[in-house]
Amino acid sequence: MKRFRRHGQESQRDRLKQELFQFNKTVEHGFPHQPSALGYSPSLQLLAIGTRSGAIKLYGAPGVEFMGLHDENAAVTQVHFLPHQVELVTLLDDNSLHMWTLKAHKGLSELLEIGRFTLTGPPGAPPSVTRVTAVLAHSSGELLLLGTEGGHVFIVEVPGFRELEERNISLDQVASSVPDDYIGRRNLEHVETLQENPVDPNQVVIGYGRGLMVIWNLEKQQAIQHIPATQQLESMWWTEDGGHLLSSHSDGSYCRWMAGGEDMNEEEEEKSDIPYGHFPCKAISKIIQLPTEKGPPFLLFSGGMPRASYGDRHCITVIHSKTHVALDFTSRIIDFFAIRGGPQHTGDPSALVVLVEEELVVIDLQTEGWPVIQTPYLVPLHSSAITCSHHVSAIPLKLWERVLAAGDLQSKHYSKEARPGQKLPLQPWPITGGQNLAPDPPQRDLLLTGHEDGTVRFWDASGVCLCPMYKLSTSGVFHTDADPNDNMNQGTEGEWPPFRKVGCFDPYSDDPRLGVQKIHLCKYSGYLAVAGTAGQILMLELNDEAAEHTVEAKVVDLLQGQEGFRWKGHTQLDVREEPVLFPPGFQPFTLVQCQPPAVVTALTLHSEWKLVAFGTSHGFGLYDYQQWNNVLVKCTLNPSDQLAMEGPLSRVKSIKKSLRQSFRRIRRSRVSLRKHHVNNAAKLQDANARLEAELAEMELAPVQRKIEARSSDDSFTGLVRTIYFADTFLSDSSHNTPSLWAGTNGGCVFAYMLRLPAAERRTDELVTAQPAKEIQLMHRAPVVGIVVLDGHGAPLPEPLEVAHDLARSPDMQGSHHLVVISEEQFKVFTLPKVSAKMKLKLTAVDGSRVRRVGVAWFGSSRSEDYGESGLVVLTNQGDVHVVSLPTVKMQVHYPCVRREDVSGIASCVFTKHGQGFYLISPSEFERFSLSARYLVEPRCLVEVPFRTGSATQRRPQPDGVSSAHRITTQDGEAAESAARRVMEHALLNDEKVLQEIQKSLEGEQTSLLENNVKNAVA
Amino acid sequence: MNKSHRVPSNRSLSAVEVKSKFGAEFRRFSLDRSKPGRFDEFYGLLQHVHRIPNVDLLVGYADVHGDLLPINNDDNYHKAISTASPLLRLFLQRKEEADYTFGTNSLTRKKNTVLSAVLLRPDANRKKPPVLISLPRDFRPVSSIIDVDILPETHRRVRLYKHGQEKPLGFYIRDGSSVRVTPQGLEKVPGIFISRMVPGGLAESTGLLAVNDEVLEVNGIEVAGKSLDQVTDMMIANSHNLIITVKPANQRNNVVRTGGGGGGGGGTASGSSGRSSDSGASYYGYSALSGVGAAASAPSHIIQNFPAGELESDEDDEDLVIEVGGEAEPIRRTLSNYSMPSLPRYEPHLNLRAASALSINRRSLEEEGTVITL
């Protein structure tokens, strides 16, 4: 009977769990890792990017995003939209072609693969015969022309991929008609490019690698004209009137040819030019020319730089009448295209879109000076490597607007971007395809990322688009090696080529000590604390006006006279003594400098009490930023912890150093033995065992792990992992007091009682802190989180939350509980008398360890007013768990990150509403949701383009076509492919990607610490 | 490593202060550390100072770890004198009334006292044997083979008692592969193996584990499908009371079972003496009984026959709390037994423990994992 009842409760609980929790990976923010192909559909106004890991991503208006993933783990080499249709074709590295479509389903579009195709040559033919090198999606929408390495052109009917053998253009057919005097006639080489005549869809030009271009009539199946260029061909462009052909070549030259009538069989090149000539130049890899309504056309080409002096630049040259600019990018150019204005997208070029390896750059070609348009998506998160992130939910409108205003001032030199909800942008975001049907985000969320170069970037993380809002640089406070004025606008007068730096990807940090390690923002007061690699903690305040002042450093000695200490790490940053001009936005007003200047490992801010607490591997401190006074310093260093004493390990720990360290350790243990345990045989034996173990570790033994209980001698036991403020019952159960809690790597929790003067005397009287409790967890695992629960079992609200009426005030009647989260277990203690009440073991049961933890509130998807608080946990196995509060019971768990993806796990950040972000590549965040109520995912619709007859006159490239040729295919005859796939899978299956992630990880301070912890454990 | 703290400087090095408790009475006297004499003299001295000449006594003392250890021969008497720091605390009991026991896990042992009181009736001891042999419970356990009755003969379940030991656990594990017999025939499956033993470590000294033994379970959780790092973390998380089920590489020393008591049902019928103290590990046998209530509430990822109740029952894994009140006494311990895991429950001992905790040097305390630095 009892059993039945329990069963009933269980199933009820299960049902409730389904209403509360639901795991989804919803959207990827940032810039795709290793892009390899670019495509654009003027009719759909959609941009497509293919990546080396086989992913295909489509972007339209902000919020319109689609993702697809090829089953083959091969790089996407080309992407072509079928003109005026919702289909696109991708060519992969493995020579397979794939047809994708945007299929509407329940009012939302989905990207689906509907077919795949690989060319099959005649039996016995070498693979080069069918190796596709050029693809032309014919404007009829029915044909695909495939040029191959063998020099043949295959014609395939789409979307069904039916080979039309009788229409194929074989090399022999072409070669037979090549003029005899053409020097390269014996070997035309591969088909480099295929272009369609914009005015006559029956004419295509076939460009062969050796230089020969043949204009071919598809209908009559014969060559109309031969253009005998003698340089290696790189690309071709058919001008819009169909009268001229442009060809670009490997020697850095481009030529203009007359594409005449059928009677003209041989045509001299009309004009040839090597734009950056005299000395040998690199190839012009792509050239396009676009006419303007009135005036000279735009000529755009990539490459062509003088080999010796500027061969390493990544440039696109834009020439328009007398204006000539070489846009200089910071990474390799993948591809580019121009967007044209006008209702049919046939007008003057309005924007140049360039995909480079690390970012997407859009140049406004209509505004004087060709400014950069800030992209609302595809923003490179990694313009400097991300070192930490911090999420703040539900930002008050006031703060939001002030941050936006500060950000707008920064992007002054940019063309105004089209941010949702912003009025009258000068030049709106030019890619506007699709409709964003996602509901407005329920709240304003901020994601703050800290970077290696000392900047903090503020991102609007409310919706599908991760929009940059504001960028804060902390480096101005310090003297750095780099001159702040030397980047960007260098362009000296009369320089040739006329370079102009564009793009923001700048992976080179001036000084690694500037790296931001911890961020804490109070959304109510606008106070921001930023802590860095060299033990610096900056307190910043939001100010709408520029201000000039000096920032004084307050040095805090965390060693507290601990002896025998040698800090061998980096020195602290030098603070500028002269006043510094700070632009409107967050401005530093005080600086706390930890001594030794070790990386700050924990940081928290209490804006109501005006206190900031911080911790390093040596101890923790509490600073009163109202009075600019240090309240408390506690050294947590274990005197036997040599590693922490000496500073951070070098990135590459030399074998010499490790040997030296090992011997030093052995010697130390011997010395201590001689002193104290001379006659203790067991100890001697123990030391011998240790010596042997140490020697064995040095050998390159097969992978093995040492099984040893953690001891206080382990390295970095004093490292402060978490720090927390709470107004709770620390000394007796009738009076709650402010308190500070800190947890260390050695499983120790320190609690301090704080005494704050009354509000009116806050500026005069000192804040004091008294030690109240210490808890040593017996299992000694690192403490990664501390939470105090109120009388209802709910986590205490954030500072000022109650004052702003945004949270229910905590229950101070019932007894409070302390939740200590270590890497191995969750433990609930009573307060004020600390005694264990409940616990949940994780590591002892399944061997996984807590890597990231957050407190989240889960709303029920069925009833508006029901919700629960819980702990959200990411383990080292990459699983996310939800643990209930206050009962610490496992609720749900889902696999989330691959366990090998260490940097992904380390980068994870949770929101207060059950969502999370982690890096799937150095440049992309994956967003996931555990909540059944809150879900941010792209919901968008792309309709089959609507066309009018007028478009037949002036057609855009590349999908100019008369409506007569068009067939509608929205009924999608081909079968749908399997379910939607998730991108991350592909990325992480890529061995190279993994290695790169590993590499970037090794350079990361936080992960270094984690590695050390791991090593200490193993 | 500052051993000089052990003997406060203001005291004579040679004298050992002794505080002896019998019932409610205390006696204080001192002994010469260098010339402690023999145990029977000392025994007579105790009877004399307490004025109980004809009472049979059990003599116990509190060692530096707070454990109650017996004094019943010259060796352990000398050990007690030599390690006293600075005070030697003695606890005397009438043999007939013995209600507490010696050893590390004094608290757990207490459960057995009813049993032991029956087994060790005073009148059985009336006739003193000529040689005094200590009882098994007077020793600190180091390791044990458990659940012999429910495991296949080819497997061995070993419990290592790390707590209170200065020895390292001392072994390494590695990845490997083992051959299993499956319906499809022989199959190679990945497994975890012991790769190395540290000489002088606990694992080696027990002789129950050896290189190339395959690790099958850690504290009742199967390791199949888990990575080397996961198993490492599991073992370390359980290191205070590690129970490893291995398939020994050397199958010649297996315990040969008598009778047909194998299988799950055998747990209740056999092994009455060995397993009472190992209840934490022998969950297979008990799961049918105790698991009824607890298993239902256990989270789904936990193996169901490992009752949640037993997860909570390991007293070894209790944390230490120190209250540092501004106006309160320098160290006030919570009276709950949560905070003082290794202490017997009676009050005098607790005080003593607190006192000794202060005087012993910090390093050795940290090694024991019981007390924090102040």
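Here is how names work: the chains are called A, B, and so on, in the same order as the sequence lines, proteins then strands, and each is numbered from 1. No experiment lies behind these values; they were computed from the predicted model shown.
Rounded to the nearest 0.5 Å, atoms CD1 (A/Ile707) and CG (B/Leu202) are 13.0 Å apart. Residue A/Gln776 holds its CD atom at 9.5 Å from CD1 of B/Ile322, rounded to the nearest 0.5 Å. In this structure, OG on B/Ser195 lies 10.0 Å from CZ on A/Arg705, to the nearest 0.5 angstrom. The NE2 atom of A/His779 sits 10.5 Å away from atom OG of B/Ser239, with the distance rounded to the nearest 0.5 Å. Here the straight-line distance linking atom NZ of A/Lys706 with atom OG1 of B/Thr232 works out to 12.5 Å at 0.5 Å rounding. Distance SG/A/Cys748 to CG/B/Leu320: 9.5 Å, rounded to 0.5 Å.
For A/Lys17, the NZ atom is densely surrounded, since the number of other residues' heavy atoms within 6.0 Å is greater than 12.
Scanning all heavy atoms of the two residues, the minimum distance from B/Gly170 to A/Glu708 falls at N-OE1, 2.9 Å. Of all non-hydrogen atoms in A/Ala844 and B/Met234, the two that sit nearest each other are O-CE, 4.1 Å.
Looking at heavy atoms from C-beta onward, B/Ile221 lies in side-chain contact with A/Val845 at the 4.5 angstrom threshold. Looking at heavy atoms from C-beta onward, B/Ile236 lies out of side-chain contact with A/Thr843 at the 4.5 angstrom threshold.
With respect to chain A, the highest number of heavy-atom pairs below 4.5 Å among B/Leu242, B/Asp175, B/Asn238 belongs to B/Asn238. Interface check for chain A: of the options B/Leu228, B/Val223, B/Ile173, the most heavy-atom pairs under 4.5 Å are formed by B/Ile173.
Contacts of A/Ala709 with chain B are made by both backbone and side-chain atoms, with heavy-atom separations under 4.5 Å.
Listed for the B/Gln230 side chain is a donor-acceptor partner under 3.5 Å among the backbone atoms of A/Asp846. A/Glu774 places no side-chain N or O within 3.5 Å of a backbone atom of B/Val321 that could act as its donor or acceptor partner.
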